[in-house]
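Have a look at the structure below before the remarks.
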2 protein chains.
Amino acid sequence: MGDAPPQNSMPASEMDGICSGSHDAGTIVRDLLDQVGDKWTLLVVGMLEDGPVRYSALKARVPGISQRMLTLTLKKLERDGMVRRESFAEIPPRVEYELTELGRTLIEPAVGFARWALESAGAIAEAREAYDIRD
Amino acid sequence: MGDAPPQNSMPASEMDGICSGSHDAGTIVRDLLDQVGDKWTLLVVGMLEDGPVRYSALKARVPGISQRMLTLTLKKLERDGMVRRESFAEIPPRVEYELTELGRTLIEPAVGFARWALESAGAIAEAREAYDIRD
DNA sequence: CCGTATCCCCCCAGATACTG
DNA sequence: CAGTATCTGGGGGGATACGG
């Protein structure tokens with residue numbers, strides 16, 4: 001499989017080029033955002049950043065996640081080629097999950113967003129208070 | 001408050017530091033992701049990148065959005081200080097929306113994610129096919 | 001230990017109709 | 001033109017119990 005076609009740099013107005021209905025790029029971004037923007041995916045990916053983690057450790061480190069959602073999230077990530085699953089035939093059973101190369105590429109934009117969130121949280125909270133008081 | 005220089009010092013394991021349960025940073029990121037990661041927010045923000053846009057133009061440029069969802073999305077963004085609303089007492093009525101400085105800071109990480117999505121879409125599609133065939 | 005199966009609730013998006 | 005009001009269905013996701 002060839003690497004991503006260099007195609008083009010993004011136009012000056014990048015989000016516009018991305019989201020415009022003229023290309024189907026908007027659809028692609030939307031679909032991926034639906035995948036990754038759900039309640040648990042980014043959290044789980046973040047927990048896998050340092051290397052292989054077992055199922056139980058993952059569940060412990062993602063507070064509040066149910067077995068059901070952890071399993072669903074991991075399955076989806078595995079299907080998308082972002083996570084590799086390795087099970088060891090031991091007693092007690094052990095299953096480890098780790099990010100693939102593709103999965104690792106998610107970390108950079110995710111961190112970018114996380115950084116934005118942390119930097120902006122204060123300003124957003126202020127804006128909300130101001131808005132709520134006024135109205 | 002000028003622009004936000006990349007003044008930051010995240011730990012080596014960034015997502016870990018962000019998402020770990022030990023800090024409430026994970027909660028912050030999760031909350032913001034819930035705000036921004038919904039079905040329409042990023043699309044609307046993308047449409048506002050170039051400057052003020054009227055309500056009707058916005059509705060036309062975001063294909064498939066309902067009046068209800070457009071209004072809700074704009075209200076939420078306004079409350080969060082990301083969008084400024086200006087209404088003109090004319091006939092016919094005119095209301096324009098534009099990004100605030102805070103709102104503009106969202107574009108950079110959003111574009112980062114969008115770029116990732118476009119670059120990764122192919123690999124993910126391949127991974128899915130491989131996964132579905134095998135199993 | 002590592003999941004799967006089932007039930008169920010709640011929220012949110014869509015459709016529609018109506019106002020200033 | 002720029003919204004609001006109300007109803008409704010579908011699905012995400014939690015709790016729980018069970019299987020390998």
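Note that the coordinates shown come from a computational prediction; the quantities given were computed from them, not determined experimentally. Residue numbering restarts at 1 for every chain, and letters A, B, ... go by the order of the sequence lines.
For the side chain to side chain contact (heavy atoms under 4.5 Å, CB included) criterion with A/Val44, the lone passing option out of A/Val53, A/Val83, A/Leu70 is A/Leu70. Among A/Asp80, A/Thr100, A/Leu42, A/Val111, the single residue meeting the side chain to side chain contact (heavy atoms under 4.5 Å, CB included) criterion with A/Leu106 is A/Leu42.
Among the heavy atoms of the strands lying under 4.0 Å from A/Arg68 is at least one base atom, whether or not backbone atoms are also near. At a threshold of 4.0 angstrom between heavy atoms, the contacts of B/Lys59 with the nucleic acid are absent.
Between the C1' atom of C/dG14 and the CD1 atom of B/Ile65 lies a distance of 11 Å, rounded to the nearest Å. Atom CG of A/Asp34 and atom P of C/dC12 are 15 Å apart (whole Å). For B/Leu72 and C/dA15, the CG to C1' distance is 14 Å, given to the nearest whole Å. Remark: P of C/dC12 and CG of B/Leu70 are 17 Å apart, rounded to the nearest angstrom. A/Gln67 has its CD atom 9 Å from the C1' atom of C/dT4, to the nearest Å.
Using a 4.0 Å cutoff on non-hydrogen atoms, the parts of residues 80-93 of chain B near DNA chain C are B/Pro93, ordered by number.
The shortest distance between the side-chain N/O atoms of A/Ser56 and the OP1/OP2 oxygens of C/dC2 is below 4.0 Å. For A/Tyr55, no side-chain nitrogen or oxygen approaches OP1 or OP2 of C/dT4 to under 4.0 Å.
In the displayed structure, B/Glu96 atom CD is contacted under 6.0 Å by more than 12 heavy atoms of other residues, nucleotides or ligands.
Counting heavy atoms from C-beta on, the side chains of B/Leu43 and B/Ile65 never come closer than 4.5 Å. Side-chain contact between B/Thr41 and B/Met82: absent, with no pair of heavy atoms (C-beta onward) separated by less than 4.5 Å. Within the 4.5 Å cutoff, the side chain of B/Leu74 has heavy atoms near those of the B/Tyr55 side chain. Contact of the A/Thr73 side chain with the A/Lys39 side chain is not registered, since no non-hydrogen atoms from C-beta on lie closer than 4.5 Å. Side-chain contact between B/Ile107 and B/Leu99 is present, with heavy atoms from C-beta onward closer than 4.5 Å. Within the 4.5 Å cutoff, no side-chain heavy atoms of B/Thr27 are placed close to those of B/Arg30.
Rounded to 10°, the angle separating the first-five-pair axis and the last-five-pair axis of the helix from C/dG3-D/dC18 to C/dG20-D/dC1 equals 40°.
Boundaries of the chain B contact region on DNA chain D are D/dC1 to D/dT6, first to last in 5' to 3' order (nucleotide atom under 4.0 Å from a heavy atom).
Annotation: of the two residues near DNA chain D, B/Glu96 and A/Met69, the 5′-most nearest-nucleotide partner is B/Glu96.
Checking side-chain atoms of A/Arg85 against main-chain N and O of A/Glu78 turns up no donor-acceptor pair under 3.5 Å. Without hydrogens or angle criteria, B/Arg104 side chain to B/Glu49 main chain gives a donor-acceptor distance under 3.5 Å.
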